[in-house]
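Reviewing the structure listed below.
Only a predicted model underlies this, so the values are computations on that prediction, with no experimental measurement involved.
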Amino acid sequence: MRVKKIFLFFVLVFMGLTWGVAKEFNKINFFTAEIPEFYVRQDLQFNLWQDSKERAIGFSTMTGFDMNELSASIGASFNNSNCNFTTKVIYWPTFFERFNFGLGITYHLLEFSNIFYENDFIADINFKMKLASWLSFYFNCGYFYKLSILSNFGECLGNNSLNVNSGLLIYPNDRWTLAFEFTSSDYFNYPLFFTAMFNTWAEFVVIPERFSTGVGVNTRFYDFFVNSQDLSHLSLNIFMRYKI
């Protein structure tokens, strides 16, 4: 109940700020009417420090589109006989051509070796600001509900939690993007609060407006603020992105 009240508070703040700014200024872009920019991303994940979920080599495929104020994606991953499915939608109007602020919805399904299933539902506030021509910051925080189903028992376990993600995006030039992220979840992983994830990745545009490739290092610490700060998972990701 407390988590729901916190989320409701953020929603009311969002609505109040949107109404107040819209009343005083006329520099808000609610929607960009253009042909969506679709992309397909393929990842190859090497799990160097393995946990029960991710071992050896994993594969994932994601596709989506970006229309500035509206973006959506859908993806699936396969690792160690486990399957993940995720879909996400974000709507965040552009204010003063400098920052985006809005709402996002995420659904994630995990099938763990046919032993149990996890359904994750997230509704959060999303914020992204252009600090300079070469630097951006993003942050999102919201309500997170996990519904777990045990296959052999048919029992359902529900948990209320929070989801918090943040990161810095650096653009040295038109071809490079560097990122440093501190999050409690990633696209295919939604553990209960608070697991700490530290992600660093770089992406290079090989063919402008068409093809890019990148590499990332991801670390995960379960129960980071409650139990210990021992490393729980470490992976190396190599990915390719093709824009349609």
Side-chain angles (χ1 to χ4, degrees), residues 14 18 27-44 60-77 84-108 120-142 163-181 183 185-190 197 199-216 218 237-244:
F14 164 73
T18 302
K27 293 185 177 180
I28 304 176
N29 190 19
F30 291 97
F31 185 75
T32 299
E34 61 182 18
I35 299 176
E37 183 179 271
F38 287 91
Y39 66 88
V40 177
R41 170 171 165 162
Q42 181 67 54
D43 284 53
L44 181 63
S60 66
T61 302
M62 182 194 312
T63 184
F65 68 84
D66 187 355
M67 297 179 65
N68 295 323
E69 288 74 37
L70 177 66
S71 63
S73 62
I74 184 172
S77 73
N84 291 270
F85 168 83
T86 303
T87 182
K88 178 180 294 189
V89 177
I90 299 176
Y91 174 68
W92 48 2
T94 302
F95 295 82
F96 317 120
E97 299 182 351
R98 193 167 185 84
F99 69 89
N100 296 81
F101 187 48
L103 301 174
I105 298 176
T106 302
Y107 169 70
H108 168 250
D120 300 311
F121 306 88
I122 297 175
D124 55 11
I125 301 295
N126 289 258
F127 174 81
K128 182 179 180 181
M129 184 171 186
K130 185 177 181 181
L131 303 176
S133 60
W134 55 272
L135 179 65
S136 294
F137 167 78
Y138 79 84
F139 175 82
N140 60 64
C141 176
N163 184 64
V164 178
N165 299 318
S166 62
L168 285 174
L169 301 175
I170 302 173
Y171 312 97
N173 53 47
D174 293 338
R175 293 207 166 192
W176 280 101
T177 300
L178 308 177
F180 302 93
E181 301 174 322
T183 69
S185 67
D186 62 34
Y187 198 81
F188 292 112
N189 290 279
Y190 296 87
M197 300 183 185
N199 306 321
T200 303
W201 54 266
E203 184 172 3
F204 176 72
V205 177
V206 180
I207 303 176
E209 303 299 328
R210 187 63 64 183
F211 178 74
S212 62
T213 184
V215 61
N218 306 320
N237 284 49
I238 299 175
F239 62 90
M240 297 178 293
R241 188 194 308 268
Y242 180 76
K243 294 182 180 181
I244 302 173

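Interatomic distance, Leu103 CG to Ile125 CD1, rounded to the nearest 0.5 Å: 4.5 Å. Here the CZ-CD distance, from Phe239 to Gln42, works out to 12.0 Å after rounding to the nearest 0.5 Å. Here Glu69 contributes atom CD and Asn100 contributes atom CG; the two are 6.5 Å apart, rounded to the nearest 0.5 Å. Put simply, CD1 on Ile170 and CG on Leu178 are 5.5 Å apart, with the number rounded to the nearest 0.5 Å. Note that CZ of Phe211 is 12.0 Å distant from NZ of Lys243, once rounded to the nearest 0.5 Å. Considering CE of Met197 and CG of Asn189, their distance stands at 5.0 Å, rounded to 0.5 Å.
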Please tabulate, one pair per line, all N/O donor-acceptor pairs under 3.5 Å involving side-chain atoms of residues 200-207, not counting sequence neighbours.
residue, atom, partner, partner atom, Å
Glu203, OE1, Arg241, NH2, 3.3
Glu203, OE2, Ser212, OG, 2.5
Glu203, OE2, Arg241, NE, 2.9

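The main-chain N or O of Phe31 is never found under 3.5 Å from a side-chain atom of Tyr91 such that the two would form a donor-acceptor pair.
Remark: Ala132 pairs with Trp134, Leu135 by the side chain to side chain contact (heavy atoms under 4.5 Å, CB included) rule, at least two apart or across chains. Considering only residues two or more places apart in sequence or on other chains, Lys128 meets the salt bridge (charged side-chain N to carboxylate O under 4.0 Å, His left out) condition with none of them. By the side-chain hydrogen bond (donor to acceptor under 3.5 Å, both in side chains) test, Glu37 is found to be paired with no residue, residues two or more places apart in sequence or in another chain being considered. Applying the side chain to side chain contact (heavy atoms under 4.5 Å, CB included) test to Phe65 and every residue at least two apart in sequence or in another chain returns Pro36, Phe38, Met67, Leu70, Ala72. Under the rule for a side chain to side chain contact (heavy atoms under 4.5 Å, CB included), the partners of Thr106 that lie at least two apart in sequence or sit in another chain are Thr86, Lys88, Ile122, Tyr190.
Counted by atom type alone, Asn163 and Ser185 present one or more donor-acceptor pairs between their side chains at under 3.5 Å. Judged by distance alone, the side chains of Asn126 and Asp124 do bring a donor and an acceptor atom under 3.5 Å apart. Under the 3.5 Å distance criterion, with hydrogens and angles disregarded, a donor-acceptor pair is assigned to the side chains of Asn84 and Ser77. Side-chain atoms of Tyr187 and Ser73 form a donor-acceptor pair, as typed in the model, at a separation below 3.5 Å. Between the side chains of Glu181 and Tyr138, a donor-acceptor pair is found at a separation under 3.5 Å. Defined by atom type and a distance below 3.5 Å, a donor-acceptor pair is missing between the side-chain atoms of Asp186 and Thr183.
For Met62 against Tyr39, the heavy-atom pair with the smallest separation is SD-OH, 4.0 Å. Considering all non-hydrogen atoms of both residues, Asn173 and Arg175 come closest at OD1-N, 2.8 Å. Scanning both residues, Phe99 and Phe127, for their nearest heavy atoms gives CD1-CE1, 3.6 Å. Pairing each heavy atom of Trp92 with each of Gly102, the nearest pair is CB-N, 3.4 Å. The two residues Arg98 and Leu131 make their nearest non-hydrogen contact at NH2-O, 3.2 Å.
More than 12 heavy atoms of other shown residues, nucleotides or ligands fall within 6.0 angstrom of atom CD in Glu34. Counting heavy-atom neighbours within 6.0 Å of Ile35 CD1, excluding the residue itself, gives a total of 12 or less. Dense packing is recorded around CG of Leu169, with more than 12 heavy atoms of other residues, nucleotides or ligands lying under 6.0 Å away.
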Exercise. Apply side chain to side chain donor-acceptor pair (under 3.5 Å) to the pair Asp66 and Ser71, showing each step before the final yes or no.
Key: CA-CA 4 Å; Asp66 187 355; Ser71 63; 5.1 Å; no
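Using cut-offs of 30° and 60° on the angle between ring planes, the pair Phe121 and Tyr107 is tilted.
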